[in-house]
Every structure is written in structure tokens, then in C-alpha cells.
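Note that the structure is predicted; figures quoted are calculated from it, not measured. Numbered from 1 within each chain, the chains take letters A, B, ... in sequence-line order.
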Amino acid sequence: MPELPEVETVRRGLLAHLRGRRIRSVRVLHERAVRRHLGGADDFQRVLAGRVVADVRRRGKYLWWALDDGDAVLAHLGMSGQFRVGAPPPAVIDTETGTDADTMHPHLRIRFVFDDGGPDLDFLDQRTFGGMIFAPGGAELPAAIAHIARDPLDPMFDPSTAIATLRRKHTGIKRALLDQTVVSGVGNIYADEALWRARLHFERPTDRLTRAQAAGALTAAIEVMTDALAAGGTSFDSLYVNVNGESGYFDRSLNAYGRENQPCPRCGAPIRRSAFMNRSSYWCPRCQRPPRA
DNA sequence: AGGCTGTCCTGCTAGC
DNA sequence: TGCTAGCAGGACAGCC
């Protein structure tokens with residue numbers, strides 16, 4: 001699942017592939033991939049033709065292509081979005097639509113073709129939670145994500161602000177870590193890993209955390225995401241890969257997430273899984289004591 | 001106003 | 001064997 005380390009890995013790959021290239025044409029194959037672009041697929045295709053990519057930037061889990069005219073193309077990978085360089089792999093025969101579906105990847109949503117005749121860029125997305133929009137004037141920061149907090153890899157990130165915001169909230173620590181307006185880039189996997197490292201239960205109330213505890217949770221989140229980035233991100237299945245289709249290997253370094261009933265690497269107690277926000281939280285019952293009710 | 005829940009979506013897997 | 005239910009979950013609309 002793409003969280004900050006995965007999105008940053010993709011950003012680096014995209015930058016190397018896209019910088020200085022002029023878009024010749026765009027083909028949207030699935031309307032849902034541009035559902036947040038107000039003009040729809042036709043407008044998205046039209047408005048991007050002829051544009052030149054100057055840079056690829058990121059805040060939290062969002063990334064955008066800064067165009068050389070000050071506009072931008074904003075993207076979110078959602079659960080399963082991928083940018084892939086070059087012609088995608090398997091042949092799938094689609095007898096419903098006929099056409100050239102038999103030569104295209106079944107999850108291909110948008111294809112970008114460039115003036116230089118070099119490799120295409122494909123946006124693939126199995127679960128279609130991801131998407132792209134055109135962001136006029138958004139090269140520095142698209143207006144659509146102005147509410148997203150700076151992430152820990154941002155040079156302007158201010159830990160003391162994030163700690164204060166966290167402690168002002170009236171909710172559980174994990175909800176707060178997942179709130180992209182507090183600190184961005186953290187998703188379910190790294191929230192669980194950060195809380196395991198910080199020895200805090202996911203339901204600990206934020207308004208009763210000491211400053212040191214809040215700082216500990218935040219520091220742990222920064223460390224685990226930095227470690228994961230160095231490993232190229234976390235891949236459980238084929239849903240997250242870099243622009244060349246390669247997996248990250250941080251899943252081998254996970255201590256809590258996805259390890260129900262396996263021993264805690266620190267104390268040996270079996271890791272537990274609890275329902276949380278229509279998903280799961282993994283935690284060590286000995287290292288991360290639940291708060292009193 | 002801020003916290004929280006429901007919803008979107010596909011494909012894999014566990015269980016009967 | 002074949003079906004279904006459950007699960008994975010980021011972000012936001014809309015509710016309270």
C-alpha cells in the first residue's frame with residue numbers, strides 16, 4: 001500500500017523518467033481515474049497535450065508533476081495506483097470491448113505518450129482509489145492539497161508544530177497519525193509500526209499524552225518511514241512496485257503489521273490484531289498497554 | 001467546529 | 001468444486 005516511502009520511491013523514478021519531456025498525447029481509459037478532475041476525461045486529455053514536465057514533487061502521499069509553465073498534474077496512488085514506464089506486460093483478451101484491449105494491461109487507466117518518441121508512461125490502478133487531476137498554477141503546491149500537512153521528509157517540516165497539533169486533538173493516537181492534516185504520509189502500516197516502536201497502544205488518547213510521548217510517536221513514524229524508504233518501500237503483493245515494476249523489501253522489517261499471533265520481536269508476546277476504522281490494527285499486548293477506559 | 005462513519009472499488013482467499 | 005463472505009484501505013462527503 002503506497003504510503004510516504006512508496007510514493008517517494010515512485011516520485012524519484014518519475015523524476016528520472018519525466019524531467020524535460022513534452023507530453024504529446026494523453027489517453028484516459030477509465031473515467032474513474034480522473035473523477036476529481038472537473039472537466040472530465042476529454043478535458044484532461046486536451047489540457048495536458050503539449051505540456052512539458054519540469055519537476056516531480058511530493059507532499060505526504062500526493063505527488064505532482066510541476067509543468068514548466070507553472071501549472072501541475074496532481075496524482076494520488078490510492079490503494080493500488082502505479083506509474084509504470086514502457087509497455088506494460090501481460091496480454092489479456094477482452095471479448096467484451098474487442099478493440100485493442102487484448103494488448104493492454106487490464107488495470108491500465110491512463111497512458112501518456114511523449115514527443116520524443118521515448119517510452120510511454122502508464123497509470124495503472126487495480127482498485128481505482130487513485131486518480132489524477134490537472135492543477136492550474138499548482139507547480140509549487142496544488143490548491144487541492146493545501147490542507148495537507150507537511151510530511152517528515154519536507155525540509156520545512158516542524159516537529160514541534162506537529163506535536164502541538166497532535167496533543168490538541170481529542171481522539172486516539174492512531175487516528176491522529178492517520179490524519180493527513182496533522183502530519184502527512186502516514187498510513188495504516190507505518191502507523192502500526194511507529195506505535196510499536198514508541199510502545200504506545202493505538203487507542204491512547206492524544207489529549208493525555210505527555211509532550212515526550214507525542215514526540216516519541218512522531219519520531220518513531222519518521223524513523224520507520226526513513227528506514228522503509230531506504231529499502232525501497234513495503235510490498236506485500238504486486239500492488240506496490242516502483243516505476244520499473246520492482247518491489248520494495250521493507251516487509252521483511254515489519255515488527256507488528258500483518259504479524260497476528262507471531263511473537264513480538266521485542267518481548268515474544270503474540271502480536272494481536274484488532275478491528276479499527278474498518279481495517280486492522282496490529283499491536284503487542286505487552287509492549288503497548290491499552291489505556292484505561 | 002471538530003470527530004467519526006460510510007462509501008467508493010477489485011481481486012484474492014478462507015470457509016463451507 | 002464452486003460459491004460467497006470477508007478483507008485489504010486512503011480520502012473525503014456528510015452526518016452529528
Side-chain angles (χ1 to χ4, degrees), chain A residues 1-8 10 29-38 58-64 74-83 89-90 92 94 96 101 104-110 123-133 135 142-149 151 164-195 202-208 221 225 233-241 247 251 254 256-261 272-282:
Chain A
M1 315 307 152
E3 302 180 28
L4 187 150
E6 293 76 31
V7 180
E8 174 61 15
V10 170
L29 295 107
H30 197 305
E31 289 276 343
R32 211 178 126 71
V34 291
R35 67 193 177 285
R36 299 201 178 277
H37 178 76
L38 293 181
R58 182 189 55 75
R59 174 173 286 194
K61 301 170 202 171
Y62 282 93
L63 59 82
W64 65 95
L74 179 65
H76 196 293
L77 301 177
M79 290 275 306
S80 54
Q82 304 178 353
F83 282 108
V92 172
D94 188 338
E96 291 290 314
M104 293 191 301
H105 192 285
H107 302 144
L108 177 61
R109 308 306 184 204
I110 308 175
F123 179 69
L124 290 76
D125 191 10
Q126 179 202 100
R127 295 181 193 169
T128 72
F129 278 22
M132 302 184 76
I133 64 168
I145 59 166
H147 64 292
I148 302 292
D151 63 71
T165 307
L166 191 75
R167 294 179 71 210
R168 261 200 310 273
K169 296 190 77 71
H170 305 285
T171 189
I173 177 75
K174 185 171 173 183
R175 259 182 213 283
L177 286 178
L178 294 174
D179 184 340
Q180 304 296 302
T181 68
V182 176
V183 53
S184 67
V186 183
N188 202 43
I189 296 171
Y190 298 120
D192 279 2
E193 290 300 307
L195 291 170
F202 63 95
E203 285 174 319
R204 288 287 290 268
T206 47
D207 46 11
R208 297 216 297 267
M225 292 197 295
T234 301
S235 306
F236 293 107
D237 43 36
S238 58
L239 289 187
Y240 163 70
V241 292
S247 295
D251 58 309
L254 296 176
Y257 184 87
R259 304 191 68 248
E260 184 179 17
N261 295 327
R272 290 182 58 179
R273 180 167 75 97
S274 303
F276 173 80
M277 288 173 76
N278 285 328
R279 57 207 63 172
S280 296
S281 276
Y282 296 89

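- One distance of note links CD1 of I133(A) with CZ of R36(A); it measures 9.0 Å at 0.5 Å rounding.
- Across all strands, H30(A) comes closer than 4.0 Å to no nucleic acid atom at all (heavy-atom distances).
- With hydrogens and angles ignored, the 3.5 Å screen pairs no side-chain donor or acceptor of E193(A) with any backbone N or O of N188(A).
- Listed by chain and residue number, nothing satisfies the salt bridge (charged side-chain N to carboxylate O under 4.0 Å, His left out) test with D125(A) (two or more places apart in sequence, or in another chain).
- R36(A) places its CZ atom 7 Å from the C1' atom of dA11(C), with the value rounded to the nearest Å.
- The stretch residues 74-83 of chain A touches DNA chain C through H76(A), M79(A), each having a heavy atom within less than 4.0 Å of the strand.
- Residues passing the ring-ring contact (aromatic ring centres under 6.0 Å, His included) test with Y190(A): none are found, sequence neighbours excluded.
- Looking at heavy atoms from C-beta onward, T181(A) lies out of side-chain contact with T165(A) at the 4.5 angstrom threshold.
- M132(A) places its CE atom 16 Å from the P atom of dA11(C), with the value rounded to the nearest Å.
- For the pair N188(A) CG and dA11(C) C1', the interatomic distance rounds to 14 Å; values are reported in whole Å.
- Looking at residues two or more places apart in sequence or on another chain, you find a ring-ring contact (aromatic ring centres under 6.0 Å, His included) between F276(A) and F202(A).
- Residue Q180(A) places its side chain closer to dA11(C) than to any other of dC12(C), dA8(C), dA11(C).
- The CG-P distance, from D192(A) to dG10(C), rounds to 10 Å in whole Å.
- For the pair Y62(A) and dC12(C), the criterion of a side-chain N or O lying under 4.0 Å from OP1 or OP2 is met.
- Q82(A) places a side-chain heavy atom less than 4.5 Å from the side chain of V241(A).
- Scanning for side chain to side chain donor-acceptor pair (under 3.5 Å) contacts around E8(A) gives R11(A), R12(A), R58(A), with sequence neighbours left out.
- Between M277(A) and Q126(A), the residue anchored nearer the 5' end of DNA chain B, judged by the nucleotide with its closest heavy atom, is M277(A).
- Here D207(A) does not pair with K169(A) in a salt bridge; the nearest charged N to carboxylate O distance is not below 4.0 Å.
- Among residues two or more places apart in sequence or in another chain, the salt bridge (charged side-chain N to carboxylate O under 4.0 Å, His left out) test is passed with K174(A) by D192(A).
- Taking atom CZ on R35(A) and atom P on dC12(C), their separation rounds to 10 Å, with Å as the unit.
- Comparing the local axis fitted to the first five base pairs of the helix from dG2(B)-dC16(C) to dC16(B)-dG2(C) with the one fitted to its last five gives a bend of 50°, rounded to 10°.
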At a cut-off of 3.5 Å, list every protein nitrogen or oxygen paired with a nitrogen or oxygen from nucleotides 5-7 of chain C, distance to 0.1 Å.
none

Could you list all N or O pairs between the protein and nucleotides 14-16 of chain C that sit under 3.5 Å apart?
none

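- For Y240(A), there are no ring-ring contact (aromatic ring centres under 6.0 Å, His included) partners two or more places apart in sequence or in a different chain.
- No hydrogens or angles considered: nothing links the side chains of T206(A) and R167(A) as a donor-acceptor pair under 3.5 Å.
- On the nucleic acid side, DNA chain B has its first and last nucleotide under 4.0 Å of a heavy atom of chain A at dG3(B) to dG11(B), going 5' to 3'.
- Within the 4.0 angstrom heavy-atom criterion, only backbone atoms of the sugar-phosphate kind lie near R32(A); the bases stay farther away.
- A distance of 11.0 Å separates OG of S247(A) from CD of E6(A), quoted to the nearest 0.5 Å.
- Within the 4.0 angstrom heavy-atom criterion, no nucleotide atom of any strand lies near D125(A).
- For E31(A), there are no salt bridge (charged side-chain N to carboxylate O under 4.0 Å, His left out) partners two or more places apart in sequence or in a different chain.
- R272(A) CZ: 12 or fewer foreign heavy atoms inside a 6.0 Å radius.
- Taking CZ of R109(A) as the start and CE of M104(A) as the end, the distance is 10.5 Å to the nearest 0.5 Å.
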